[in-house]
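Input: a single structure, listed below in structure tokens.
For the numbers below, each heavy atom of this structure counts, side chains included, while hydrogens, waters and symmetry mates do not.
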Amino acid sequence: MTNRKSFLITAEEFNGPRLRAIIEQDLENLRTWKNKNKKSFFYQEAIRKEQQLKWYKNYRKKEDDFMFMAEEATGNTFISFGCMGFRRVANVIDIYNVIRGRILKNSISNMGDAFSLMLSYILEHYKEDITCKVLANNPNIRWYERNCFKIIKKEGDYCLLKLNLRDFRKVPIKRERGV
């Protein structure tokens, strides 16, 4: 498989989270976190290890589909505290699988900082609108709204949200290859 998805995204301005493109060793965390939060997602069945591996193999083949581990430095190592992804679907960038996996003690990072980092990366590399579909009963809709997303449509069991560029403050980023 190609290494084109092997990179880090870090902010130039502040010490905080970094985004590391996922690798196969992250699959168990992704599966566990998704299963723990399955009621917040459209697919609400428990994901088995074989399903997660199949998803990963298909994911690696997709050109404009990226999943990241949100990490914070602790001593000489980094600890993952969440994940998030984006993919190009038709004429938009779709945000998906934003999951806070764990709370780190004495953390200087949060999911909002990591999310801003990913959105800034997207804005630097893509021209499409940035949207996400969220279940209408998901309490995290308010979190998206605090992070500059606005509900643009309610339909059935979901809300479609779009990044409000007027309110979003882009974070200067750097992309480092070779994770």
Side-chain angles (χ1 to χ4, degrees), residues 5 9-11 13-14 16-22 26 29-47 52 55-56 58-59 62-72 80-103 107 109-173 175:
K5 290 189 180 190
I9 301 171
T10 56
E13 291 182 353
F14 63 88
R18 75 176 191 176
L19 297 176
R20 177 183 51 77
I22 64 165
D26 296 315
N29 267 345
L30 293 173
R31 188 179 77 82
T32 301
W33 295 344
K34 182 90 181 256
N35 284 343
K36 182 180 174 187
N37 296 285
K38 65 186 175 187
K39 294 298 180 198
S40 296
F41 296 97
F42 290 92
Y43 184 79
Q44 297 187 348
E45 302 298 319
I47 298 169
Q52 190 71 36
W55 170 85
Y56 180 72
N58 287 329
Y59 154 83
K62 296 177 182 174
E63 186 69 27
D64 288 312
D65 189 343
F66 296 93
M67 176 61 66
F68 301 99
M69 298 302 284
E71 299 181 323
E72 180 175 306
S80 299
F81 62 88
C83 63
M84 59 190 67
F86 74 89
R87 57 193 165 205
R88 181 186 279 157
V89 178
N91 60 346
V92 299
I93 299 299
D94 174 50
I95 303 296
Y96 72 101
N97 283 1
V98 179
I99 305 171
R100 183 178 188 155
R102 65 173 64 112
I103 297 172
S107 177
S109 300
N110 64 54
M111 285 299 285
D113 291 340
F115 196 53
S116 290
L117 198 56
M118 184 176 76
L119 294 172
S120 295
Y121 175 83
I122 295 167
L123 289 169
E124 202 169 281
H125 292 88
Y126 295 87
K127 300 296 181 212
E128 293 87 351
D129 288 336
I130 300 172
T131 65
C132 62
K133 284 184 180 177
V134 179
L135 287 174
N137 65 354
N138 186 331
N140 291 318
I141 288 176
R142 286 182 204 74
W143 180 84
Y144 285 100
E145 290 174 324
R146 286 192 310 271
N147 284 281
C148 302
F149 275 75
K150 183 178 181 178
I151 296 173
I152 59 171
K153 179 167 71 168
K154 291 182 180 183
E155 189 170 306
D157 64 346
Y158 76 90
C159 294
L160 180 65
L161 295 98
K162 180 179 172 184
L163 179 64
N164 181 346
L165 291 172
R166 192 179 67 228
D167 294 340
F168 181 71
R169 185 171 162 256
K170 215 170 140 185
V171 175
I173 62 165
R175 176 180 174 173

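The minimum heavy-atom distance between Cys132 and Ile95, with the atom names listed, is CB-O, 3.6 Å. Nearest heavy atoms, Cys83 versus Met111: O-CE, 3.7 Å. Contact record, Phe81 with Ala114: CZ-CB, 4.5 Å, taken as the closest heavy-atom pair.
Side-chain atoms of Phe41 and Ile99, non-hydrogen and from C-beta on, do get closer than 4.5 Å to each other. Looking at heavy atoms from C-beta onward, Gln52 lies in side-chain contact with Leu30 at the 4.5 angstrom threshold. For the pair Phe68 and Phe86, the minimum side-chain heavy-atom distance is below 4.5 Å. No side-chain heavy atom of Phe66 sits under 4.5 Å from any side-chain heavy atom of His125.
Lys170 pairs by the side-chain contact (heavy atoms from CB on, under 4.5 Å) definition with Ser120, Leu123, Glu124, Phe168, not counting sequence neighbours. Applying the side-chain contact (heavy atoms from CB on, under 4.5 Å) criterion to Ala46, with sequence neighbours excluded, gives Asn35, Lys38. For Asn137, the side-chain contact (heavy atoms from CB on, under 4.5 Å) partners are Leu135, not counting sequence neighbours. With sequence neighbours left out, the side-chain contact (heavy atoms from CB on, under 4.5 Å) criterion links Asp26 to Arg20, Ile22, Ile23, Met69.
In this pair, Tyr158 and Phe42 present their aromatic rings perpendicular. The plane angle is above 60°, beyond the 30 to 60° band.
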Which pairs of donor and acceptor atoms, one on a side chain in residues 140-148, lie under 3.5 Å apart (sequence neighbours left out)?
| unit_1 | atom_1 | unit_2 | atom_2 | d |
| --- | --- | --- | --- | --- |
| Asn140 | ND2 | Asn138 | OD1 | 3.3 |
| Asn147 | ND2 | Trp143 | O | 2.8 |

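Between atom CZ of residue Arg100 and atom CG of residue Asn110 there is a gap of 7.0 Å, rounded to the nearest 0.5 Å. Taking CZ of Arg87 as the start and CD of Glu63 as the end, the distance is 16.0 Å to the nearest 0.5 Å. The CG atom of Leu161 sits 8.0 Å away from atom CD1 of Ile152, with the distance rounded to the nearest 0.5 Å. Asp94 CG to Thr131 OG1: the interatomic distance, rounded to the nearest 0.5 Å, is 5.5 Å. Put simply, CG on Asn164 and NZ on Lys150 are 7.0 Å apart, with the number rounded to the nearest 0.5 Å. In this structure, CG in Leu19 is found 11.0 Å from CZ in Phe115, a value given to the nearest 0.5 Å.
Sequence neighbours left out, the pairs with a member in residues 126-137 that pass salt bridge (Lys or Arg N to Asp or Glu O under 4.0 Å) are Arg88-Glu128, Asp129-Lys162.
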